Undergrad: 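Here it is, the structure in full.
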Amino acid sequence: MKRSEVDRSKLSPMMQQYLDIKDKYNDTIIFYRLGDFYEMFFEDAVICSRELELALTGRNAGLDERVPMCGIPYHAYTGYLNKLIDRGYKVAICEQLTDPKETKGMVERDVVQVVTKGTRIDNLLNEKDNSYVGNIYDFEYCYGVSYTDITTGYFYALIIEHDSNKLIKEIVNRNILEVIVNSKIDREIISALRDNYHILVTIIDDIYELDDYDYLYKNIQDIRLVTTIKHLLQYIIETKKGNLSHLQEVEVININKYLTFDVHTKKNLELTETLRLREKTYSLLWLLDKTKTAPGSRYLKTNIENPLTDIEEINRRYDIIEKLLTEFILKEELQRELSEVYDLERLVGRISYGNLNARDLLQLKYSLKVLPNIKRILEELNYGKTIETLDEVYNLLEKAINEDAPITVKEGGLIKDGYNEELDEIKRIRSGSKDFILQIETDERKRTGIKNLKVGFNKVFGYYIEISKGNIPLVKDEFCYERKQTLANCERFITPLLKEKENIILGAEEKIINLEYKLFMDIREYVKGYIGKIQKISRIIAEVDMMASLATVSEENNYVRPTITLERNIIIKDGRHPVVEKVNKSDYVPNDIIMGKGVDILLITGPNMAGKSTFMRQLAIIVIMAQIGSFVPAKSCSIPIFDKIFTRIGASDDLVSGESTFMVEMKEANYAIQEATPNSLILFDELGRGTATYDGMSLAQAILEYIHDTIKAKTLFSTHYHELTSLALDLKNLRNVHVSAVEENGQITFLHKVKQGAVDKSYGIHVASLAKLPPSLIKRATEILSVYENKGNKKETFVQTSLFLQPEEKEEEPNYIEEELKKIDPLSITPLDALNILYDLKQKIKDKE
Ligand code: ADP
Ligand code: MG
């Protein structure tokens with residue numbers, strides 16, 4: 001049965017209420033609160049029963065047929081909710097707004113928040129990741145993009161030129177999980193985001209009209225950015241409903257302020273996760289992350305994804321690391337203190353949403369406790385930035401919040417004794433009465449002479465006097481005992497006095513709970529006034545934490561402070577790939593990378609497995625580390641600031657978008673060629689490998705020439721086309737280098753050492769033999785190779801003159817005639833036969849032409 005097909009007038013009032021709400025949330029699953037359950041109806045029920053493996057039942061709602069329904073217990077809903085969100089659904093939580101016990105007629109209900117991929121705030125979020133919800137506002141001549149992490153309140157905005165590829169790259173690059181778009185946008189962009197990158201896309205044109213959040217963009221002049229921000233605001237206010245006072249002033253991103261690279265490069269270089277397993281372990285982030293706080297870890301990740309281009313800031317960071325390394329005792333103390341600091345950014349988010357509990361406030365307190373120490377250490381380090389310590393907040397929390405407060409805020413136990421007089425007084429009354437009741441036991445034993453008389457308490461009957469079966473005859477009327485409950489071996493009574501005291505206790509209990517709740521809310525409101533300050537502290541803590549982490553890693557692995565030069569020269573002595581070095585138990589072979597004046601391109605040749613790809617990645621990683629402000633794995637390093645990095649490395653087939661390797665390869669090459677500047681770094685690893693030999697080689701050469709003559713970017717280009725090495729004769733800014741290997745008794749040892757000049761022998765077969773392919777197969781391959789090698793010599797000159805002829809076919813023809821001629825024994829044929837054969841051959845050649 002479908003929602004749209006029912007006769008609404010026949011429906012029960014509750015189902016009508018449901019449908020009125022559901023009408024406003026068409027594309028969203030409604031969790032509709034009914035007592036202790038969230039129920040889903042109609043199509044929502046069908047979806048949920050399928051996705052969550054729930055039994056599909058039905059509910060009588062006034063119609064002939066039952067309405068499809070399924071449900072989940074409200075106290076265990078988060079697991080179900082997360083499953084739906086992960087699968088790309090939106091869920092609206094619809095709560096009971098009035099207490100069913102106190103309501104006559106229908107309980108009021110409404111949606112209190114909508115949970116979506118980009119706007120979830122639950123504790124299941126990975127604390128080391130940011131999760132962003134963003135928007136695209138198509139202005140038809142450019143795009144406005146803004147995005148925010150609503151758990152921390154960080155908010156960014158930027159303008160992107162009207163180029164859909166660039167737009168998609170930016171969205172994907174920035175880890176935006178969900179976007180709102182206005183309806184002007186090209187549908188192809190929507191499907192690319194949805195289908196290729198699993199981004200949740202919603203089309204909404206509304207823009208936030210009020211000024212409640214104008215502090216977010218008060219310093220932004222560009223009206224396009226303001227419109228974009230308001231477009232996103234409208235959506236998050238709609239979905240989150242609650243207070244968003246933790247949103248932070250929007251940071252306008254100027255793309256030029258950062259070293260940029262696309263998603264492929266991020267993947268290829270394994271910056272935040274590895275290519276094959278897509279895990280953090282063995283990524284650059286894994287190596288560099290010795291942070292102590294979640295904000296620090298997230299900040300490091302953001303920096304790895306967005307290294308700087310500002311020389312001053314980069315040098316400032318080197319100075320800090322240097323300082324931390326000399327003041328290592330202070331550094332260790334600093335890190336000890338940092339490890340006491342909780343996730344302030346997300347705590348602040350919870351303060352703002354109002355779902356903060358006493359334990360959160362305790363976490364805030366423990367974090368604040370170490371701030372004075374951190375402040376002192378920063379001063380001793382001449383850090384250049386300082387933090388407020390918020391002593392007043394700390395003192396309040398220390399005085400007020402009970403150390404072992406429960407998670408819930410409506411059961412009391414939140415507030416410490418001595419914080420509030422009234423509360424203490426009620427508590428005194430309560431415990432006074434409790435003492436009194438204990439006293440009653442002794443008194444009554446005496447009065448009645450019943451030795452085993454007991455006073456007890458249970459939730460249903462309250463306080464009672466319990467007398468065992470055997471002693472019942474001793475109970476006299478004058479005691480004024482009123483029988484309440486009869487059990488197998490005893491009876492329970494109450495007395496007026498007991499009842500009176502009980503009322504006092506229960507009354508006090510209720511007052512305590514209410515008063516504690518109120519006090520707690522006041523404290524929460526008070527802390528809310530500090531949101532901005534706590535965020536400021538948190539930003540500095542995150543940065544300090546990252547710097548301490550970089551210092552630790554530099555120290556452990558013997559990194560060196562880079563020198564940033566204003567010339568376009570790269571001089572790296574004994575550079576290493578930091579992750580390969582860390583993972584390879586055997587010794588890593590350091591390599592120089594020298595690209596001084598007049599050298600823009602290194603053409604790298606060498607056998608498979610020699611270390612070409614590692615050598616190339618090593619340069620990119622060193623550049624990225626240097627521009628984060630980290631020391632680098634080398635003996636010495638002098639490099640310029642790069643603006644962009646482009647890579648085409650290995651077979652990173654874009655399985656998701658289903659394009660062929662070669663197409664991906666050419667697209668990435670094209671992207672680099674279109675976007676690179678003389679200040680960029682290009683890494684092309686075996687470009688052209690994905691197509692036929694001569695195609696690939698021709699393209700590779702043409703691309704090299706183009707980079708050399710037109711782009712002039714620093715480029716590392718590895719190739720297995722040895723023919724290309726002769727390009728060094730023509731392209732004056734190109735140098736050949738090779739990675740050597742030694743061969744002994746048919747075995748090959750890789751030295752991983754990069755040397756000047758070209759190498760011209762392929763060791764592929766030897767590598768195959770190392771891989772233990774069958775010996776007969778290896779022998780056959782060796783034979784075939786020798787045939788090709790003999791042919792190859794002829795091709796050399798050919799390759800250099802013109803690449804576009806088809807040499808294989810040219811060689812076939814003489815072969816055919818050769819074959820025919822070989823068949824003939826001139827001494828055993830007649831002159832006429834000879835003439836005929838000659839005629840035939842000529843005819844054959846003519847046919848071919
Ligand atoms: P290629 O691209 O030439 O086929 P790779 O760069 O993929 O070679 O390296 C092959 C293997 O050699 C890798 O497993 C890597 O761990 C190791 N390797 C590469 N360079 C070095 C080096 N400088 N020192 C030690 N091991 C290295
Ligand atoms: Mg390789």
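Predicted model only: the values in this text are computed from it and were never measured. Start at 1 and go down the list; that is how both ligands and their atoms are numbered.
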Undergrad: Using protein heavy atoms only, decide if any is under 4.0 Å from atom 14 (O) of ligand 1.
TA: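 No; the ligand atom in question lacks any protein heavy-atom contact below 4.0 Å.
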
Undergrad: Determine, step by step, whether Glu170 and Arg174 satisfy the salt bridge (Lys or Arg N to Asp or Glu O under 4.0 Å) criterion, reporting the C-alpha distance in whole Å, the side-chain angles of both residues, the deciding distance to 0.1 Å, and the verdict.
TA: CA-CA 6 Å; Glu170 289 294 339; Arg174 291 172 193 280; 2.8 Å; yes

Undergrad: Which of the atoms of ligand 1 are close to Ser613, meaning less than 4.0 Å from one of its heavy atoms?
TA: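 That gives atoms 1 (P), 2 (O), 6 (O) of ligand 1.
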
Undergrad: Looking at ligand 1, is there an atom of it that comes within less than 4.0 Å of some heavy atom belonging to Gly606?
TA: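 Contact absent.
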
Undergrad: Check whether any side-chain N or O of Asn254 sits under 3.5 Å from a backbone N or O of Asn256 as a donor-acceptor pair, and report yes or no.
TA: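 Side chain of Asn254 to backbone of Asn256, a donor-acceptor pair under 3.5 Å: yes, one is there.
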
Undergrad: List the closest protein heavy-atom neighbour of atom 18 (N) of ligand 1: residue, atom name, distance to the nearest 0.1 Å.
TA: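 Scanning the protein heavy atoms, the shortest distance from atom 18 (N) of ligand 1 goes to His752 CE1, 3.4 Å.
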
Undergrad: Can you find an N/O atom of Val589 closer than 3.5 Å to an N/O atom of ligand 1?
TA: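 Yes: some nitrogen or oxygen of Val589 is under 3.5 Å from one in ligand 1.
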
Undergrad: Can the positive tip of Lys582 be found less than 6.0 Å from the middle of the six-membered ring of Tyr282, inside 45° of the ring normal?
TA: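 Here Lys582 fails the 6.0 Å and 45° test against Tyr282.
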
Undergrad: What I want to find out is whether Arg317 reaches Glu313 closely enough, with some N-O distance under 4.0 Å, to be called a salt bridge.
TA: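 Here Arg317 pairs with Glu313 in a salt bridge, since their nearest N and O are under 4.0 Å apart.
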
Undergrad: Give the atom numbers and elements of ligand 1 that come within less than 4.0 Å of a heavy atom of Gly611.
TA: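 Counting atoms of ligand 1 from 1, those under 4.0 Å from Gly611 are 1 (P), 3 (O), 5 (P), 6 (O), 8 (O), 9 (O), 19 (C), 20 (N).
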
Undergrad: Closer than 3.5 angstrom, by distance alone: can the side chain of Lys753 be matched with the main-chain N or O of Asn591 as a donor-acceptor pair?
TA: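 Flag not set: sc Lys753 to bb Asn591 has no pair under 3.5 Å.
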
Undergrad: Would you say the side-chain atoms of Tyr299 pair up with the backbone N or O of Met546, donor to acceptor, closer than 3.5 Å?
TA: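 Pair absent, no side-chain N/O of Tyr299 close to backbone of Met546.
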
Undergrad: Donor-acceptor check, side chain of Thr291 to backbone of Asp545, threshold 3.5 angstrom: yes or no?
TA: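 Not confirmed, Thr291 side chain does not pair with Asp545 backbone.
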
Undergrad: Any idea which atoms of ligand 1 are less than 4.0 Å away from a heavy-atom of Thr614?
TA: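 Per the distance check, 5 (P), 6 (O), 9 (O), 19 (C), 20 (N).
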
Undergrad: Can you tell me which residue among Lys266, Lys267, Arg278, Lys301 is in a salt bridge (Lys or Arg N to Asp or Glu O under 4.0 Å) with Glu273?
TA: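 One option only clears the test, and that one is Arg278.
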
Undergrad: For Asp600, run the salt bridge (Lys or Arg N to Asp or Glu O under 4.0 Å) check against Lys732, Lys712, Lys714, Arg735 and tell me which one passes.
TA: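 Exactly one option meets the salt bridge (Lys or Arg N to Asp or Glu O under 4.0 Å) with Asp600, and it is Lys714.
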
Undergrad: Considering only the protein, which heavy-atom contact is closest to atom 4 (O) of ligand 1, and what is its distance?
TA: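 Its nearest protein heavy-atom neighbour is Met609 N, 2.7 Å.
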
Undergrad: Report yes if some N/O of Pro590 lies less than 3.5 Å from some N/O of ligand 1; otherwise report no.
TA: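 So ligand 1 has no N or O lying under 3.5 Å from an N or O of Pro590.
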
Undergrad: Check the pair Leu324, Met547 against side-chain contact (heavy atoms from CB on, under 4.5 Å), reporting the backbone distance first and the verdict last.
TA: CA-CA 9 Å; Leu324 286 168; Met547 293 316 300; 4.3 Å; yes

Undergrad: Using a strict 4.0 Å cut-off to heavy atoms of Asn584, name the atoms of ligand 1 that fall inside it.
TA: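 What qualifies from ligand 1 is 16 (O), 26 (N).
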
Undergrad: Taking only non-hydrogen atoms of Pro607, do any sit less than 4.0 angstrom from ligand 1?
TA: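 Contact check Pro607 vs ligand 1: positive.
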
Undergrad: Identify which protein N/O/S atoms are less than 2.8 Å from the Mg ion (ligand 2).
TA: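 Near the Mg ion (ligand 2), below 2.8 Å, one finds Ser613 OG.
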
Undergrad: Would Tyr559 and Phe631 count as a close aromatic pair, with their ring centres under 6.0 Å?
TA: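 Centroid distance Tyr559-Phe631: not below 6.0 Å, so no.
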
Undergrad: What part of Val580, side chain, backbone, both or neither, has a heavy atom within less than 4.0 angstrom of ligand 1?
TA: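 Within the 4.0 Å criterion, Val580 contacts ligand 1 through side-chain atoms alone.
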
Undergrad: Quick one: does Asn268's side chain have a donor or acceptor within less than 3.5 Å of a partner on His264's backbone?
TA: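 It does hold such a pair.
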
